[in-house]
Engineer: 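Just passing along the structure, written as structure tokens.
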Amino acid sequence: MHVGWTKTAWQAFKQNQRPGPIHMLNLVRFREWAEYEDGREITGEAAYAEYGRLSGPIFSALGGRIVWRGRPEVMLIGPENEQWDLAFIAEYPSVDSFVQMMRDPEYQSAVEHRTAGLSDSRLVRMETMETGLQFAG
């Protein structure tokens, strides 16, 4: 289960200060029922939606936007047991804007819902490249 990052990964993320926007590939798997310390009973998807509702204004105010979103259907290549409920790419204007969001007290409060609602996730920072007709190069 992966719902947070390591200190080493966070340091590497912050140290790569290349100019321009960053894209973050998000893959998320919801728990059937969210796991809150206070025992409230809502679905994992509903908890993640609450995270989105609370963190969305902070994300937008820092210049963030969702550039692509979809619901995975079939794992054609990859581990069959690695299924995802939601995939999306979030764009941030810079590394600093992402770091600012992570340090925002309201955002930090919202993360409780993300953690409660997810059974697993992947967060991959990517550099945007020119698109075209070829897969590589």
Engineer: Could you pull out the closest heavy-atom pair between Arg125 and Asn16, with the gap in Å?
Structural biologist: NH2-O, 2.8 Å

Engineer: To the closest 0.5 Å, what do you measure between OG (Ser121) and CG (Leu86)?
Structural biologist: 11.5 Å

Engineer: Are Ile22 and Val124 in one and the same hydrophobic cluster, where Ile, Leu, Val, Met, Phe, Trp and Tyr link if side-chain heavy atoms are under 4.5 Å apart?
Structural biologist: no

Engineer: Are any non-hydrogen side-chain atoms of Leu27 and Arg29 less than 4.5 angstrom apart?
Structural biologist: no

Engineer: Report the relative orientation of the aromatic rings in Tyr48 and Phe88; use parallel for angles under 30°, tilted for 30 to 60°, perpendicular for over 60°.
Structural biologist: tilted

Engineer: To the nearest 0.5 Å, what is the distance between CD on Glu50 and CZ on Arg114?
Structural biologist: 15.0 Å

Engineer: Heavy atoms, side chains only, cut-off 4.5 Å: are Val67 and His23 in contact?
Structural biologist: yes

Engineer: Crowded around Glu106 CD? As in, over 12 foreign heavy atoms under 6.0 Å?
Structural biologist: no

Engineer: Can you give me the closest heavy-atom contact between His113 and Ala47, atom names plus distance?
Structural biologist: CB-O, 3.2 Å

Engineer: Hydrophobic cluster membership, with links at side-chain heavy-atom distances under 4.5 Å among I/L/V/M/F/W/Y: are Leu123 and Tyr107 in one?
Structural biologist: yes

Engineer: Testing the basics here: between Glu127 and Arg18, what is the closest heavy-atom pair and its distance to 0.1 Å?
Structural biologist: CA-NH2, 3.2 Å

Engineer: Do Glu80 and Met75 have side chains that approach each other closer than 4.5 Å (heavy atoms only, starting at C-beta)?
Structural biologist: no

Engineer: In Å and rounded to the nearest 0.5 Å, what is the OG to CH2 distance from Ser119 to Trp33?
Structural biologist: 15.0 Å

Engineer: Hydrophobic cluster membership, with links at side-chain heavy-atom distances under 4.5 Å among I/L/V/M/F/W/Y: are Tyr36 and Leu118 in one?
Structural biologist: no

Engineer: Identify the heavy atoms of Pro93 and Gly64 that sit nearest to each other, and give their distance.
Structural biologist: CD-N, 4.2 Å

Engineer: Could you grab the distance from atom CD of Glu45 to atom CZ of Arg31, nearest 0.5 Å is fine?
Structural biologist: 14.5 Å

Engineer: Side chains of Asp96 and Gln17: closer than 4.5 Å at any heavy-atom pair?
Structural biologist: yes

Engineer: Does any part of the side chain of Trp84, heavy atoms only, come nearer than 4.5 Å to the side chain of Phe30, both counted from C-beta?
Structural biologist: no

Engineer: Is it possible for you to say whether Ile66 and Val111 belong to one hydrophobic cluster, with membership spreading through side-chain heavy-atom contacts below 4.5 Å?
Structural biologist: yes

Engineer: Is it true that Glu112 and Arg40 make a salt bridge, defined as a side-chain N closer than 4.0 Å to a carboxylate O?
Structural biologist: yes

Engineer: What is the distance from atom CE of Met101 to atom OH of Tyr92, rounded to the nearest 0.5 Å?
Structural biologist: 3.5 Å

Engineer: Can you tell me how far apart CD1 (Ile42) and CD (Glu35) are? Round to the nearest 0.5 Å.
Structural biologist: 12.0 Å

Engineer: So, for Ala87 and Pro72, which heavy atoms are closest and what is the spacing to 0.1 Å?
Structural biologist: N-CD, 3.9 Å

Engineer: Look at the side-chain heavy atoms of Ile, Leu, Val, Met, Phe, Trp and Tyr, link any pair under 4.5 Å apart, and say whether Val95 and Met24 land in one connected group.
Structural biologist: yes

Engineer: Donor-acceptor pair, distance only, cut-off 3.5 Å: does the side chain of Gln108 make one with the backbone of Met102?
Structural biologist: yes

